[in-house]
Amino acid sequence: MSHVAVEGSHGLDQQLAVLDLNSADGQGVGTGRRYIPPHLRNKDVSQNDSPGWDCHSNGFVNGYHDGRINGTANFARGLPRNDRGGRGSFRGSRNGGSFNQPMHNAGYGTYENKDGGWNAVVNRGAYTSFGGRSDRGKSVFFNDRGAGSRGRYERGGFGGTGGNSRWVEESRDEEDWSKPMPPNDRLENELFSASNTGINFEKYDDIPVEATGSNAPGHIESFHDVDMGEIIMGNINLTRYTRPTPVQKYAIPIIKAKRDLMACAQTGSGKTAAFLLPVLSQIYSDGPGEALQATKASAQQENGKYVRRKQFPISLVLAPTRELALQIYDEARKFAYRSRVRPCVVYGGADIGQQIRDLERGCHLLVATPGRLVDMMERGKIGMDYCKYLVLDEADRMLDMGFEPQIRRIVEQDTMPPKGARQTMMFSATFPKEIQILARDFLEEYIFLAVGRVGSTSENITQKVVWVEENDKRSFLLDLLNAAGKDSLTLVFVETKKGADALEDFLYREGYACTSIHGDRSQRDREEALQQFRSGRCPIMVATAVAARGLDISNVKHVINFDLPSDIEEYVHRIGRTGRVGNLGLATSFYNDKNSNITKDLLDILVEAKQEVPSWLENLAYEHQHKSTNRGRPKRFSGGFGARDYRQMPGAGNTFGNRGARNTGVHGGNRGFGGNKGGFGSFGGDSYGGNYGNYGGNFTQVDWWGN
DNA sequence: CAAGTGA
């Protein structure tokens, strides 16, 4: 395979420039300020002078406003050391239910300043593709969160005449949701200027695609091959997506044809847009329908006091972690720009009151983590009665042991329309056969789509496995970090939360600018850590499984499995944080005696992705094969899966040890691989250090799938 | 046993 370099050192300068900008950000210095989740921080300042309904009266300080004020002061933040030190004193409260702790010396900074001057209008140039824009700049009626949703209410309407007339929405019943609202320069800048990925799909090559199910629609080659409407096409241009990725080519027409879908495609291949584009497009063309009526009907007065109405989203997207939900929400905002659709996100660990108030401003597409959504449903803030589109992102995770009960609670044991009446879509890079079978409970006449073999890794990721004893891991890690390029991000995975804290402390003492993310940290700290990592201020992040799935962080050049995970799906997702959208990446895994459970699966993955395989690993896999009683199956199935025994289920097959059968699973023939072992040069730990340097400056963008 | 998901 030949890698076509598209961008070289040129892009590097740009990245450094961005870093400088971010490091000059303002610090939120206020004491005792409430934690405001990022998606609620960046409001238009003009919101604050609204005399209306929204409760900003209590000395409301939104992060954006605050950030601007402090940003002008010279808060020349030094090295990441500084704020890390500050956080040290904070640690004691980490484990003690420290949700919603106000954070002193908290840096909201980089977030608020990403506009780079909020009244500046960037050169949008060729990307404004919304036809006739004679109305641009008038700023009459903005659609999005800030000004736009405020416009839905008539001033002072609450105490008024009674009846429904106070809702401006009334008068919009007949309005056409497919027509774009006027543009908003500030918002457009905010949503799209950071849009980093210029994807090169020009020479997308063959990749095996399986689309099974009755009457599967054909795929598209261009976004123009299917009618997604004016709003979507305009936003596609603004995001600079030129051509659909492979999974988008297939999934978009399937979803537009109103079919249920189980879609499997490699990490970083554009799955999020593959469902957001067609779902939103469909909502635009169909309009809100009954959901709007129901929402309005829920508005009441009680005891002279206005009772907040319940929201009935038209679409629900569920994700397994909070940060992923937030990321999906951010994407949804882009594709909802200039539409009447208002995306919302709810997740745990953040102030629920803020989220409720945000919901009450309108919610047509809801992104959520399961726990908080159940909470919202039980509080009567959300009704799924009119949810026409259900998306499970990271679907295999959402249906595994930990999440399945909550998913059933939301989807089957409440008011959501049954399968068939709603459209259900599932996406993941991995989808073990057992979970595919379970997933059928939620699907009707679905199409199974596999772009590449299910569970395979991108060949754009160079995978290394090194034998490292536990006691040597730290020093080996330092060697790898020292070899990394100055500008590149490194993500280090460990198995436990305590381990994450310990390793981060170690790296800190060794003088590295690092941060960490795991489930025992406060939500505020988690999001700040992610932001500092993304921005490059802390180019090293130690993480648990919370960061394994879905997070799209540009410029992650190296993923290190300091501890290998116990199942191969987790491995695939972890290393998938690098090598995204046509970029190259490196993944290094520390292997020792403790990791025998993943040996065989790891070997298969390496072989399939045409990676070098250390001979010792091959030998171990062979040995393990003969002594293992449970080979080839994820650990979580070995302990039973409730009362179910999937081996008895029709269609489940009986070849759990057979990798090929397991992965293409219930849907058809094996995509065989392997068989081409042998001939691999040995790959000892000694030569590793020397080889490593070769990867330093060599991460450039290449064609999709590495061709 | 670990990780994640409501307080």
Side-chain angles (χ1 to χ4, degrees), chain A residues 35 37 93 95-101 316-328 345-356 359 366-382 392-411 414 428 430 435 491-503 516-524 526-527 530 542-551 561-574 577 594-598 630 634-640:
Chain A
Y35 168 60
S93 63
N95 291 327
S98 58
F99 283 151
N100 300 328
Q101 294 271 359
L316 173 65
V317 181
L318 289 171
T321 66
R322 299 161 181 175
E323 288 76 16
L324 180 55
L326 197 45
Q327 177 183 293
I328 296 166
V345 62
V346 299
Y347 54 84
D351 180 17
I352 197 169
Q354 288 261 1
Q355 291 178 355
I356 289 172
L359 289 173
L366 180 62
V367 186
T369 50
R372 178 55 65 92
L373 177 59
V374 169
D375 195 347
M376 289 287 192
M377 290 166 65
E378 288 172 352
R379 288 169 187 246
K381 298 300 176 187
I382 291 287
L392 301 188
D393 199 12
E394 307 296 345
D396 58 329
R397 166 65 101 199
M398 302 305 286
L399 295 173
D400 82 4
M401 275 174 35
F403 280 112
E404 186 205 354
Q406 289 178 90
I407 301 305
R408 290 198 185 275
R409 162 80 181 78
I410 294 164
V411 177
D414 214 277
S428 184
T430 56
I435 308 265
L491 185 52
V492 183
F493 281 105
V494 296
E495 196 57 13
T496 67
K497 292 176 279 201
K498 287 173 99 171
D501 278 340
L503 187 58
S516 72
I517 186 168
H518 63 70
D520 275 352
R521 301 200 66 187
S522 73
Q523 189 54 29
R524 199 244 161 285
R526 284 168 58 163
E527 285 169 18
L530 189 52
V542 182
T544 61
V546 73
R549 283 179 176 253
L551 296 184
N561 282 313
F562 189 87
D563 303 318
L564 269 165
S566 55
D567 65 82
I568 197 66
E569 287 82 15
E570 168 88 4
Y571 173 86
V572 167
H573 285 279
R574 281 185 184 184
R577 295 320 95 208
K594 293 168 64 179
N595 305 118
S596 60
N597 49 2
I598 202 177
N630 210 7
K635 196 178 176 183
R636 61 179 169 276
F637 297 113
S638 56

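The sequence lines fix the lettering, A, B, ..., with proteins before strands; numbering per chain opens at 1. The basis for the numbers below is simple: all heavy atoms, side chains too, and nothing from hydrogens, waters or symmetry mates.
Straight-line distance from the CG atom of A/Asp520 to the P atom of B/dG4: 7 Å, rounded to whole Å. Taking atom CD on A/Glu323 and atom C1' on B/dA3, their separation rounds to 13 Å, with Å as the unit. Rounded to an integer number of Å, the gap from CD of A/Glu569 to P of B/dG4 is 18 Å. Between the CD1 atom of A/Ile598 and the P atom of B/dA2 there is a distance of 18 Å, rounded to whole Å. When the C1' atom of B/dA2 is taken as reference, atom CG of A/Asn595 falls 13 Å away, rounded to whole Å. Atom OH in A/Tyr347 sits roughly 11 Å away from atom P in B/dG6 (whole-Å rounding). Between the P atom of B/dA3 and the CD atom of A/Glu404 lies a distance of 22 Å, rounded to the nearest Å. A/Ile356 has its CD1 atom 12 Å from the C1' atom of B/dG6, to the nearest Å.
In this structure, A/Glu495 reaches the sugar-phosphate backbone alone: every heavy-atom distance under 4.0 Å involves primed, P, OP1 or OP2 atoms, never a base. Among the atoms of the strands shown, none is found under 4.0 Å from any heavy atom of A/Arg574. If you check every strand for non-hydrogen atoms under 4.0 Å, A/Glu570 touches nothing.
Remark: the backbone N or O of A/Glu323 is not paired with any side-chain donor or acceptor of A/Arg526 at under 3.5 angstrom.
Not one side-chain nitrogen or oxygen of A/Thr369 sits closer than 4.0 Å to the OP1 or OP2 atom of B/dG4. For the pair A/Lys498 and B/dA2, the criterion of a side-chain N or O lying under 4.0 Å from OP1 or OP2 is not met. For A/Thr321, no side-chain nitrogen or oxygen approaches OP1 or OP2 of B/dT5 to under 4.0 Å. The phosphate of B/dT5 (OP1 or OP2) has no side-chain N or O of A/Arg549 nearer than 4.0 angstrom. Residue A/Arg322 has a polar side-chain atom (N or O) positioned under 4.0 Å from OP1 or OP2 of B/dG6.
Annotation: salt bridge (Lys or Arg N to Asp or Glu O under 4.0 Å) contacts of A/Arg577 (sequence neighbours excluded): none. Qualifying side-chain hydrogen bond (donor to acceptor under 3.5 Å, both in side chains) partners for A/Gln406, counting only residues two or more places apart in sequence or in other chains: none.
In the set B/dG6, B/dG4, B/dA3, the nucleotide with an atom closest to the side chain of A/Thr496 is B/dA3.
Atom CZ in A/Arg549 sits 9.5 Å away from atom CG in A/Asp393 (nearest 0.5 Å). How far CG of A/Leu366 is from CE of A/Met376: 8.5 Å, rounded to the nearest 0.5 Å.
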